[in-house]
Colleague: 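My questions all concern the structure below.
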Number of protein chains: 2
Amino acid sequence: MSSRALPYRPHNHAACVSQALAEAKAICQQQNARLTPTRERVLELIWQSHKPLGAYDVLAKLTSEGHNAAPPTVYRALDFLQQYGLVHRIASLNAFTGCTHAGEHHTGMFLICRACGNVLELMESSVTTAIENAASAEAFQPEAITLEVAGLCPGCQTDQHHE
Amino acid sequence: MSSRALPYRPHNHAACVSQALAEAKAICQQQNARLTPTRERVLELIWQSHKPLGAYDVLAKLTSEGHNAAPPTVYRALDFLQQYGLVHRIASLNAFTGCTHAGEHHTGMFLICRACGNVLELMESSVTTAIENAASAEAFQPEAITLEVAGLCPGCQTDQHHE
DNA sequence: CTGCAAATGTTATAATGTTGCAAATCTTGC
DNA sequence: GCAAGATTTGCAACATTATAACATTTGCAG
Ligand SMILES: [Zn+2]
Ligand SMILES: [Zn+2]
Ligand SMILES: [Zn+2]
Ligand SMILES: [Zn+2]
């Protein structure tokens, strides 16, 4: 899988988005899942934004481009995209972000900058292992891990005075 | 600090609650914070429930006992209790649970049973360290960690057929 | 007592997410 | 191609969670 630019580093974002879409198409084809136009457009809108988008943000964008959309339109698309591992929901933000490791079986760890709003998704097996060990010690059988770290990204640490 | 019974193990829950309240009073006194009757009652209601309570669950209980309460009443009490580390908000449930390590500086890790709804709060330095190391490797400065693990508690693993 | 700050009451509203059902669209076997 | 069934979408209403704004009351210091 290709490496991706960090969200807060300058990069060709259009290419970054279209690559994500291409991968999504491939994943859906492989799993016999239908990446319909609405679903694809929702995924694209989420990818175009570096910061996680709320469901109603997505809805507003769809509406503004003439799509006759209502909340269920968006939530259904988001459910689909989550189901196939193409987006993640960030519980602490009530928002959605494109998965940067789609297709790879993983539990994401999210570094969320409280200043600029950018989110970096990591895949750290050492963290996952530590969590699973801690759960095992309590005889707990984990199924889904929500791990969201709020703080300051490298670019915003020196910018503290801008707050 | 006293050890606490696991939530899904039978125990004297009234004692468990009153101990938590006594500790809360001590903590507030030490910090010159006012644990007013409403705040104390909200904390008690949350502790009395083994499962995390939603803000509107708390509101309903207050209302049912004659308290003239509105949503801000509850949210303000919850804000206060969170601020002094007496309750935690579980982002993946939009609900609140009593902190079992109040007074100890910690980041909680929550094991949430999807079958019975009980939540166990752990304090695992190995997990916290792994997370901080992963953040450091990205030059990210963590401030708050949300770690919630959904799965099956020991008691519910054999009960799968009851679902 | 007086004046200030903290806490609470009260009303309204914002933000987020769901249910239920009908219409349209796609797929599949023939 | 075509009918039957499954999936997806449109649409309206509703449910849940959280906050804003401002008036009133309460606790406390001087
Ligand atoms: Zn991911
Ligand atoms: Zn930043
Ligand atoms: Zn805690
Ligand atoms: Zn359980």
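Proteins get letters first, then strands, A, B, ... in listed order; numbering begins at 1 in each.
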Colleague: Under a 3.5 Å cutoff, is there a donor and acceptor pairing between the side chains of B/Thr146 and A/Ser92?
Modeller: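 Distance-only check fails for B/Thr146 and A/Ser92.
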Colleague: Over all strands shown, is A/Arg76 touching base, sugar-phosphate only, or nothing at heavy-atom distances under 4.0 angstrom?
Modeller: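 Base, at least one base heavy atom under 4.0 Å.
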Colleague: Give the nucleotide from the list D/dT8, C/dT11, C/dT8 with an atom nearest to the side chain of B/Thr38.
Modeller: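 The nucleotide sitting nearest to the side chain is C/dT8.
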Colleague: Please answer: with hydrophobic residues joined when any side-chain heavy atoms are less than 4.5 Å apart, are B/Val119 and B/Val17 in the same cluster?
Modeller: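 B/Val119 and B/Val17: separate clusters.
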Colleague: For B/His50 together with B/His11, are the ring centres under 6.0 Å from each other?
Modeller: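 Under 6.0 Å, so yes.
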Colleague: Side-chain heavy atoms under 4.5 angstrom apart, residues restricted to Ile, Leu, Val, Met, Phe, Trp, Tyr: same cluster for B/Met109 and A/Met109?
Modeller: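 Same cluster: B/Met109 reaches A/Met109 through Ile, Leu, Val, Met, Phe, Trp or Tyr contacts under 4.5 Å.
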Colleague: Need to verify one output field. Residue with the more 5' nearest nucleotide on DNA chain C, B/Thr73 or A/Gly54?
Modeller: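 By nearest-heavy-atom nucleotide position, the 5'-most residue is B/Thr73.
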Colleague: In whole Å, I'd like the distance from the CG atom of A/Leu59 to the P atom of C/dT18.
Modeller: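 To the nearest whole Å, that distance equals 14 Å.
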Colleague: Rounded to the nearest angstrom, tell me the gap between atom CZ in B/Arg89 and atom P in C/dT16.
Modeller: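 Answer to the nearest Å: 12 Å.
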Colleague: Specify the separation, in whole Å, of atom CZ of A/Phe96 and atom P of C/dA15.
Modeller: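 Checked: the CZ to P distance equals 17 Å.
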Colleague: Where the side chain of B/Pro71 is concerned, which of D/dT19, C/dG9, D/dT8 is the nearest nucleotide?
Modeller: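 Out of D/dT19, C/dG9, D/dT8, the nucleotide with an atom closest to B/Pro71's side chain is D/dT19.
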Colleague: Rounded to whole Å, please give me the gap between CZ in A/Phe80 and C1' in D/dT8.
Modeller: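 Whole-Å distance recorded here is 11 Å.
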Colleague: Would you call the rings of A/His88 and A/Phe110 parallel, tilted or perpendicular if under 30° counts as parallel and over 60° as perpendicular?
Modeller: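 The arrangement is perpendicular - the two ring planes meet at more than 60°.
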Colleague: Where the side chain of B/Thr36 is defined as all heavy atoms beyond and including C-beta, which of D/dA18, C/dA7, D/dC11 is the nearest nucleotide?
Modeller: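 Looking only at heavy atoms from C-beta outward on B/Thr36, the closest nucleotide is C/dA7.
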Colleague: Take the protein atom CG of B/Asn32 and the nucleotide atom P of D/dC28, then report the distance between them rounded to whole Å.
Modeller: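 Between P of D/dC28 and CG of B/Asn32: 11 Å.
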Colleague: Let me know, please, whether A/Tyr56 or A/Ala69 comes out on the 5' side of the other along DNA chain D by nearest nucleotide.
Modeller: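 Final value for this comparison: A/Ala69.
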Colleague: What is the distance, rounded to the nearest whole Å, between atom CG of B/Leu78 and atom P of C/dA7?
Modeller: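 For the pair B/Leu78 CG and C/dA7 P, the rounded distance is 15 Å.
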Colleague: Heavy-atom nearest nucleotide on DNA chain D for B/Arg34 versus B/Leu93: which residue maps closer to 5'?
Modeller: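 Looking at DNA chain D, the more 5' nearest nucleotide goes with B/Leu93.
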Colleague: May I have the distance from B/Tyr84 (atom OH) to C/dA7 (atom C1'), rounded to whole angstrom?
Modeller: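 It works out to 13 Å between those atoms.
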Colleague: Atom CG of B/Asp79 and atom P of D/dT19: how far apart are they, to the nearest Å?
Modeller: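 Result: 7 Å.
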Colleague: Relative to the 5' end of DNA chain C, which residue comes earlier, B/Asn94 or B/Ala77, by the nucleotide with the nearest heavy atom?
Modeller: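 Counting from the 5' end, the first nearest nucleotide belongs to B/Ala77.
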Colleague: Quick check, does A/Tyr75 stack with C/dT18? I mean ring centres under 5.5 Å and planes off by under 30°.
Modeller: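 The base of C/dT18 is not stacked with A/Tyr75 (the test needs centres under 5.5 Å and planes under 30°).
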